[in-house]
Every structure is written in C-alpha cells, then in structure tokens.
Asker: 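One structure coming up, written as structure tokens, with questions to follow.
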Amino acid sequence: MIDKQTVDRIMETAQIVDVIGEFVSLKKRGANHIGCCPFHNEKTPSFYVSPSKGIYKCFGCGESGNVAGFLMKHEHFTYPEALKWLAKKYNIPVEEEPMTEDEKRQQSERDNLFHVSEFAQKYFADLLYNDIDGKAIGLSYFHHRGLSDDVIRRFGLGYCKDQWSDFTDHALKSGYSLDVLQKTGLTIVKEQEEEAAADGSKRRTKRYDRFRGRVMFPIFSISGRVIGFSGRVLTSEKQAAKYVNSPESEIYDKSNSLYGIFQARSAIGRADMCYLVEGNVDVLSMHQSGVENTVASCGTSLTAPQVRIIKRYTSNVTILYDGDAAGIKATLKAVNLLFAEGMHVQTVLFPDGHDPDSYAQKYGSEQLQTYLREHAENFLMYRARLVGDEINHDPTRKAAYVAEMVNSIALVSDIQEQSEYIRQCAYLFKTSEEILGNMVRKAVSSARQKLYQEQQREAERERVPDPAIQQQQAAMAQQQPVQPQQPTPPAGPEGFVPPPDDLFIPDGGAPNPQPVQVLPSLNQAEAQEAQIVRLLVKYGTNDVSTMGTDGEGNSVQYVVRVADWIVSELFSDGLSFDNQLYQRIFDLYVQRITDEQPLPDANFYATTNDMEMRNFALMQMLEPYSVSPLWEKKGISVNNPDDMLQEEVQQSIHTFKSKKLSAKIDELRRELNNANEDDALLIVAEITKYQKSKREIDAALHRVINS
C-alpha cells in the first residue's frame, strides 16, 4: 500500500538504536549497543543492536531482524503498520493507495480491534470537551481532581455518556461491526428469548455500552496504541463497581500492561528509576507534579510480566503504595516479586493516610518531589525496624517474622545486596549473622530444588504421548511394519537450542543467569565450510589485495571484493558444500555476482523468509565482541580481525580446498578397494593428480600461515 520510494526513504532514515531504545534500555558497547532481550526473560543482557548494519540479534533466544521487523515482533504490527509508525516518528509523509473492498475485508481481526479501540478513545475524548454532559460531568470531575487540561489531553482521558448504547450506535454507524465491538469489550451483547410468535420462537439481541456513565482512562501499549480502557463510575450507586476495566482480548492482556508506560518510558530511562503507584489518578497526579517516571498496574496486583516491562528501562523501582495494613501487604508482595526479577527496590510511605494524589493536591508538586527524595527507604528494613522491638521479646512471633524476612531476602539475586540485608536484619533482630545467612542459603537451595522438580515434572508431562496420537500410531502399526526410529539430527550451525530461561541445579549450585547458546559440534570439513560462508556474509563487500597474473604471465597485485575472490576460486574448481544451508548461501552469491546485482546486505538477511539463512547470517554479522580501545591506551598492540582479512580469506580458501581434496582422495581410495584392474589404474592416476594438487595447496597454505 506504500510506494517503494517512500519505503526506501523510511528505512534509510530510521535509526535502529533510536527506535529500539524506546522499548529496551540499551547501553553502548564497542560498535554495538546491548540490553536485556524483550522477547524472553533474561537477567544478563544478550540482545545486541548494530547501528551500522541496522540489525538486532539476541544471542540468547535467537530473535533477529531489522528495525521494521522489531516493531512487527514487539508491537505485533503488520509490515505497513510498522512503516507508518516509523514514518510518523521521523515526519515522513506517506501517501497510500486506497484499499479495495477485498483488501478491507482481508484486514486481520487484530487490526480491527486496534482500530476500533483508537476510534473509541477519540470519541470519548471528543465528548469530554464538545458534549454538554461530557463537559458538565466528565470534565468537571477531572478538574475537581485537580488535573490540568494538558494532562487530560496527554493521557487521552474521556467520557462515555450515560445512555444504554450511545457509543455502540455511533460505532455501528461508522462502519464497525458488532462482533469487533464485542471482542474489545466496549459493547456487551446479550441474547434474550422473546415470546413465541405464530411462526415459532425467536431471539432478540440486546446490546449496550460497557462503560456508560463513566469517565474513561485509555490504556496504551508501549508504542502508544490504545489497547483497552478503565472506566470510573461517577454515581453513588452501591451496586455499581467503582472501576470497570476492559476484558482480556487479543490486543489487551492486563497482566502484561502498565498504565502510563507509554507516557513514562522515556522519563524512566532518563532517571534510571521507576515509581510504581496503585491507581490511575495517582499516575496522573505524579506526572502533573513533574514526576513523569511513574506507572501503575492495570486493575490487578503487580505481575512478573509487568516487572519485566519496567526492567527494559531500569532496574530501580520505588513503590508508592498506601501505608495502611492492606497497602503494606501489597507492598511486601510487590517487593518479593521485584526481588525475584533482579530489581533494586525502595519504598515511600506517605503520612496520615495520604497517597501520591492527595499529597500532591495538598502540598504541591515541589514539596511532593522533596518528600519522595527524602523518604525513600528500603521496605524490608523499614518493616524490620517497625516490628523489631515488638517481636524481640516474643520468640514465636520473632521466628515467624524472621522466616518471612528470610524468604524475601532469598529472592535477592545480587550477592552483596543480599549480604547487606542479612547484616542489617541480624542487628535489628539480635540474631547471629551466620545463622541468618545459613537460613537464607537454605531458602535459596530449597527454591532451586523446587523449581528444578517443577521443570522435571513439566518435561515428563511433555514426554508422555497424547492418547489420541498413541491410538493413531497403534492403528498405523497394524497396517504397515514399524520403521526404526531415526535419531533427531542436531540443529544446524545456524541455530541453537536454548534451555529453560532459569536453569537451576538441584544440589544447590548457582543458577544459570541466562539461556545458554548450545552450538552443535562440527567436524573439521563442516567447520571449514562454515568459515568460508562466514567470510562471504560478513566481509563479502570488503575490498582486499591479492596476487594474480596478467596476460603476459607477470605477477600483479589486484584489489578485489572478498565475495568475488571466494566465488571465483571455488566456483571455477567446481567445489560445493556438504551443508545445504551453506550451499544455498554460496549459490546466492554466485547468482548475484553473475547477474551483476548488489550483494546481499544486512537488510536482505533481516527480511528473508529463509529463517535458517537469516539466523545464521545475522549471527555472523553481529559479533558480540570487539577489540577494546583501552588496549591502545595502555600501549598494547592488538591485531584487529578486519586488518588481517586478506590473510584470513586466503588461508580459508586454501584450507577449504585442501579439506575437499582430502575427502576426494579418501573417496577414491575406498573405490580402489573394490575396483577391477583396469579401473584401478585410472583411480590411482586420479589419486596421484589430487595428491599433487593437495601438496601445492598445502605448501601455499604453509606460506600464508608463516608469512
């Protein structure tokens, strides 16, 4: 739907670090940027972004692609939607051809859910300022809560009229289907039985707005798309729930969403800290008071996926829950969850029953920010001090409370931080550090053992065949002989098999901090094939110098592309690859060079449908390591791999040819064992010819290695 010229401009303008940095906290490391992968749970960063190549690659789970591919994977965009998102970010005008009716019908259900949610947000926001009831009821409520028009508009707040189906009727007239409205939860549909008519009974459909008579808080995804709503009732009816939230749908998962994350993500990254509050209005008041790095969970207790969203931007969280008994209980639960995800946690408790909203309304933004800075403290130590004197004289309560603290401390992944908790708690509870430390270690070991057992049980469940499959296999076995089961071939060099994200050892050993990339073992011949293809993919367009002869037989130095050199040397000798993936990549370069087309680049590999080729190529292009400039500062000379490219290519070509000749000689020797006298003479002659060629190549290889 977008012309190629515009697509090219978008892709050329988009800065992959800039884009991915809006969703993942990235830190520069050498020529690349690194962060924790947003596609799987990890504690040690293995997600690399290359600004020069315009690609990303996770060396933990294997996800890879270009900037548009990232948006498609992370935000579940279609390709056109990803392009439009980038175009909007970089102020690139996009002219689209109008869609045909068939193309409209082919739009995915997910797209329709997004579209109707965004349509609803705009409608509710418009009512707030342009409808009599919207202004008199909805806008007055927000102003009464002390919210400015700037914050109201920035968060897209709105109002749903107190009529049975005002919004539903408007949406239907605008072309949205009742089915889509129902799936988003904006409309509730019920069927009712009518009295039997002359021609039999019939059913009547009753539809009404879920959020009627409520002020609306739209919930945005990280990228700013409307995915759901939270509506607050304004009447005093006891039967009406104070807040009603959108039901879960294909685009909205409340356990994986945070209210305010779209508006707060940049501020969280800048401050390297996130404030976590309980309610929507608390988020709004904090933002209005200048504390924009604030979010809230969406109508649910804090969840692990929500913590992982925050962790993309920071590992530091300050909890601002209420200071009553329920608030302290919720804070403890959140603290334990945050510790389990490797976060550093503080808390601020407000005085006299205040929450962030009421405190900001009473004392103003400046005093709120001062209070937050001066009263942030460690929650576990706060609780320990709060009950320390009380329980130290009650052995039963003390034992129960110490056990509770031990379970929390055991979740802390940082050893130094954990040791400091043990030291402080031992002092407050008048207990030996050694005893408390042993209790924590025992709790850690017990948790690992429990998790390991759960993983074993899960693995056992996966090994148990489905009864239906067993029955089908038994029926097939009666009709034909059972074939011997072939072992599963190892993953090719392009892939890896990651173990569970948190692999714990049952004997109390240390946890593995991230998925381990398990590469298959390669024989020497296949390893050399992999090396040749690596050079093609990573350095194919680089120029190197090599020696050749001119028309008169004189030695001449040539400048040639790496891909041209490798292809000419191997293709002219009729050499091929045993590994099918490597052969496909080599054939691709042969075709591009023969047709005088541009060589494959990072964008080609990032968008190819050949996933095997894509994973292998991007892994070669995006090396996670580089030579540190600190060596040069220390006066130590370190050879850069790029500076040795000519020798590496020459050595790899010679070694590749030598391995292929060795394989051919071995094959001929096997044929010689079963050959007749006449054939044997021919085979011996061939072996002699190949041995001579191999000696020449080995001599050249020796010269390269020792040059």
Side-chain angles (χ1 to χ4, degrees), residues 36 41 43 219 222 230 243 245 253-261 264-265 267-268 271-286 291 293-350 353-357 359 371-372 375-387 401 403-414 417-418 420-421 424-425 440 443 447 502:
C36 286
N41 182 28
K43 296 180 180 178
I219 300 166
I222 296 177
S230 178
Y243 277 95
N245 299 310
D253 177 0
K254 65 181 180 181
S255 66
N256 201 24
S257 305
L258 287 164
Y259 183 74
I261 187 62
R265 59 186 183 175
I268 293 172
D272 192 21
M273 199 270 287
C274 176
Y275 285 106
L276 187 63
V277 297
E278 288 188 283
N280 298 348
V281 177
D282 290 330
V283 171
L284 301 172
S285 292
M286 291 283 283
V291 188
N293 52 327
T294 305
V295 298
S297 55
C298 291
T300 181
S301 299
L302 189 66
T303 66
Q306 290 171 339
V307 176
R308 291 166 195 156
I309 292 174
I310 297 173
K311 195 175 180 180
R312 297 178 193 175
Y313 303 95
T314 183
S315 295
N316 304 302
V317 173
T318 299
I319 301 174
L320 308 182
Y321 288 175
D322 293 344
D324 56 14
I328 290 177
K329 183 178 180 181
T331 301
L332 179 60
K333 183 179 178 181
V335 165
N336 288 345
L337 188 57
L338 289 160
F339 278 158
E341 295 296 329
M343 306 289 274
H344 304 291
V345 190
Q346 288 187 307
T347 187
V348 173
L349 296 177
F350 287 92
H354 277 299
D355 57 25
D357 175 44
Y359 192 91
Y371 187 87
L372 293 175
H375 290 79
E377 60 178 334
N378 184 281
F379 178 73
L380 293 185
M381 295 304 99
Y382 164 79
R383 281 203 77 198
R385 287 195 305 274
L386 192 67
V387 300
Y401 190 79
E404 180 182 299
M405 293 291 289
V406 162
N407 288 333
S408 295
I409 296 172
L411 295 170
V412 178
S413 57
D414 187 289
E417 188 176 352
Q418 190 181 85
E420 183 61 21
Y421 281 132
Q424 292 189 39
C425 283
V440 170
D502 294 300

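Just so you know, these numbers use all the heavy atoms, side chains as well, and skip hydrogens, waters and symmetry mates.
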Asker: Would you find a donor on one side and an acceptor on the other, under 3.5 Å apart, between the side chain of Ser315 and the backbone of His344?
Answerer: no
Asker: I need the minimum non-hydrogen distance between Leu332 and Ser408, along with the two atoms involved.
Answerer: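 Minimum heavy-atom separation between Leu332 and Ser408: CD1-OG, 3.9 Å.
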Asker: Show the numbers, then the answer: is there a side chain to side chain contact (heavy atoms under 4.5 Å, CB included) between Leu411 and Val335?
Answerer: CA-CA 10 Å; Leu411 295 170; Val335 165; over 6 Å; no
Asker: Report the distance from atom NE2 of His375 to atom OG1 of Thr347, rounding to the nearest 0.5 Å.
Answerer: 12.5 Å
Asker: Asn245 and Lys254: side chain to side chain contact (heavy atoms under 4.5 Å, CB included), yes or no, with the steps?
Answerer: CA-CA 9 Å; Asn245 299 310; Lys254 65 181 180 181; over 6 Å; no
Asker: I need the minimum non-hydrogen distance between Tyr321 and Leu349, along with the two atoms involved.
Answerer: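 Heavy atoms of Tyr321 and Leu349 come nearest at O-CD2, 4.0 Å.
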Asker: Can you find a heavy atom in the side chain of Val281 that is under 4.5 Å from one in the side chain of Asp355?
Answerer: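 Side-chain contact under 4.5 Å: no.
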Asker: Which heavy-atom pair separates Ser257 from Gln306 by the least distance, and what is that distance?
Answerer: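 That closest heavy-atom pairing would be O-NE2, 2.9 Å.
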Asker: Check ring pair (Phe, Tyr, Trp, His ring centres under 6.0 Å) between Phe339 and all other residues, then give those that pass, not counting sequence neighbours.
Answerer: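 Expected list: Tyr421.
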Asker: Which value, rounded to the nearest 0.5 Å, describes the distance between Asp282 atom CG and Asp357 atom CG?
Answerer: 5.5 Å
Asker: So which atom in Lys311 and which in Gly342 form the shortest heavy-atom distance, rounded to 0.1 Å?
Answerer: NZ-CA, 4.4 Å
Asker: Hey, could you give me the CG/CD1 distance between Leu258 and Ile309, rounded to the nearest 0.5 Å?
Answerer: 5.0 Å
Asker: Can you sort out the partners of Glu341 under salt bridge (charged side-chain N to carboxylate O under 4.0 Å, His left out), two or more places apart, ordered by chain and number?
Answerer: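 By the salt bridge (charged side-chain N to carboxylate O under 4.0 Å, His left out) rule, Glu341 matches Arg308.
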Asker: Measure the OH-CG distance between Tyr259 and Asn280 for me, rounded to the nearest 0.5 Å.
Answerer: 5.0 Å
Asker: Let's go through Thr318 and Leu372 carefully: what are the C-alpha distance in whole Å and the side-chain angles of both, what is the deciding distance for side chain to side chain contact (heavy atoms under 4.5 Å, CB included) to 0.1 Å, and is it a yes or a no?
Answerer: CA-CA 9 Å; Thr318 299; Leu372 293 175; over 6 Å; no
Asker: Taking atom CD of Glu417 and atom CG of Asn378, what is their separation to the nearest 0.5 Å?
Answerer: 7.5 Å
Asker: May I have the step-by-step check of side chain to side chain contact (heavy atoms under 4.5 Å, CB included) for Met343 and Val307, ending in yes or no?
Answerer: CA-CA 9 Å; Met343 306 289 274; Val307 176; 3.8 Å; yes
Asker: Tell me whether Asn293 contacts the main-chain N or O of Ala267 through its side chain, where contact means a donor paired with an acceptor under 3.5 Å.
Answerer: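 No: the side chain of Asn293 does not pair with the backbone of Ala267.
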Asker: Please name the pair of heavy atoms, one in Ile268 and one in Val295, separated by the smallest distance, quoted to 0.1 Å.
Answerer: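 Residues Ile268 and Val295, closest heavy atoms: CD1-CG1, 4.2 Å.
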Asker: Once you measure the plane-to-plane angle for His354 and Tyr359, does it fall in the parallel (<30°), tilted (30-60°) or perpendicular (>60°) bin?
Answerer: perpendicular
Asker: What's the spacing between Asn316 CG and Ile310 CD1 if we round to 0.5 Å?
Answerer: 11.5 Å
Asker: State, with a plain yes or no, whether a side-chain heavy atom of Thr294 is found less than 4.5 Å away from one of Leu320.
Answerer: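 When only atoms from C-beta onward are counted, Leu320 and Thr294 do not touch, as no gap falls below 4.5 Å.
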Asker: To check you understand the geometry: which heavy-atom pair defines the closest contact between Cys298 and Ile219, and what is its length?
Answerer: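 Between these two residues, the closest heavy atoms are SG-CG2, 3.9 Å.
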